[in-house]
Visitor: 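Got a structure for you, questions after.
Whatever order the structure lists them in is the order used to number ligands and atoms, beginning at 1. The figures that follow rest on heavy atoms only: side chains count, while hydrogens, waters and symmetry mates do not.
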Amino acid sequence: MKSHFRRQHTFSLIALGAFGVGMLITSATPTQAADDQPTLSMPKINPERGKMLFAERGCVVCHSVNNVGGTSGPSLDASNLNIPREPFEFFARMWRGADAMLHLQQADLGYQIDFSGQDIADIFAFVQDGEVQERFTQSDLPAHIGEIIDNGPSIPAD
Ligand code: HEC
C-alpha cells in the first residue's frame, strides 16, 4: 500500500517535471516569445507640468532647483545631478530616501505627498531638464509652500 503510493507519487513528479521542461522549451522559442511579449507603455513626459507639480506638491520645500527651495534634501539641479537620467534609477533613489522624506514631509508639510504615475513621470522630466529649470523662480511657488520654506526646515523627527 505504502510502496504503491510512493510509485504513483514518483510518477506524478516525473510527469510534472516533463511538463515543466516542455513549458520552458516552448517559452524559449524566439518567435513565440516575441509574439507573447506584452507591450510596455511609457507615459509621455511633460517637464512644464512637472515644474508646476514640483512646487505645488512640495518637493521644493526640501529640494532646491535654480536656487529656489529648501535645503533639507539634496539640490535637484539638472546641471549637477548625480543621478543617471533614467526614470527607474530616479525612482530607486527616491525609494532609498523615502524614510527621511516621509519623516520630513509629516513635519514640514503635515501630510504625505501623493501622486499618480503620470505626476511622477512629469516631475522626473522637470528634474532632468536644465532649460525648463532655468525658468523656475519664487513666483512658481504657491503661497502656502513659500511660507513653509520661509519658516525654515524642521528638525527631523527621530
Ligand atoms: C520634507 C522634505 C522632503 C520632501 C518634501 C521631498 N524630499 Fe526628496 N529627499 C529628502 C531628503 C532629506 C533626501 C535625502 C535622503 C537621504 O539621503 O537618505 C531626499 C532624497 C531624494 C532623492 C534622491 C537624491 C539622490 O541624490 O539620491 C530624490 C530623487 C528625491 N528626494 C526626489 C524628491 C521629489 C521628486 C519630491 C517631491 C515629490 C521630494 N523628493 C520631496 C527630503 C524631501
Visitor: More than 12 heavy atoms of other residues, nucleotides or ligands under 6.0 Å from CZ of F88: is that the case?
Guide: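 Result for CZ/F88: open.
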
Visitor: Is the shortest distance from a heavy atom of V127 to ligand 1 less than 4.0 Å?
Guide: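 Not so, V127 does not reach ligand 1.
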
Visitor: Heavy atoms only: which of S72, G70, G69 lies closest to atom 12 (C) of ligand 1?
Guide: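 Among S72, G70, G69, the closest heavy atom to atom 12 (C) of ligand 1 belongs to S72.
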
Visitor: Counting backbone and side chain alike, does M101 bring an N/O/S atom below 2.8 Å of atom 8 (Fe) of ligand 1?
Guide: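 True for M101.
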
Visitor: Closer than 2.8 Å to atom 8 (Fe) of ligand 1: does that hold for any N, O or S atom in H63?
Guide: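 Under 2.8 Å: H63 contacts atom 8 (Fe) of ligand 1 through an N, O or S atom.
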
Visitor: Decide whether an N or O pair under 3.5 Å exists between R93 and ligand 1.
Guide: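 R93 vs ligand 1: N/O contact under 3.5 Å present.
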
Visitor: Starting from atom 28 (C) of ligand 1, what is the nearest protein heavy atom, named by residue and atom, and what distance separates them?
Guide: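 Checked against all protein heavy atoms, atom 28 (C) of ligand 1 sits closest to M94 CG, 3.7 Å.
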
Visitor: Below 4.0 Å from any atom of ligand 1, is there a heavy atom belonging to I123?
Guide: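 The answer is yes: ligand 1 sits under 4.0 Å from a heavy atom of I123.
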
Visitor: With a 4.0 Å heavy-atom cut-off (strictly under), which part of F115 contacts ligand 1: side chain, backbone, both or neither?
Guide: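 Side chain only; the backbone of F115 stays clear of ligand 1.
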
Visitor: Which of the atoms of ligand 1 are close to C62, meaning less than 4.0 Å from one of its heavy atoms?
Guide: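 With C62 as reference, the close atoms of ligand 1 come out as 1 (C), 2 (C), 3 (C), 4 (C), 5 (C), 42 (C), 43 (C).
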
Visitor: Under a 4.0 Å N-O cut-off, is there an ion pair linking K51 with D122?
Guide: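 Between D122 and K51 there is no salt bridge, as every charged N stays at least 4.0 Å from the carboxylate O atoms.
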
Visitor: Quick one: does R57 get a heavy atom under 4.0 Å from ligand 1?
Guide: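 Under 4.0 Å: no for R57.
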
Visitor: So, does F124 sit close enough to ligand 1 that a heavy atom of it is under 4.0 Å from the ligand?
Guide: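 F124 does not count as a contact of ligand 1 under the 4.0 Å cut-off.
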
Visitor: Quiz question for you: does at least one protein heavy atom lie closer than 4.0 Å to atom 9 (N) of ligand 1?
Guide: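 Given the 4.0 Å limit, the answer for atom 9 (N) of ligand 1 is yes, a protein heavy atom qualifies.
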
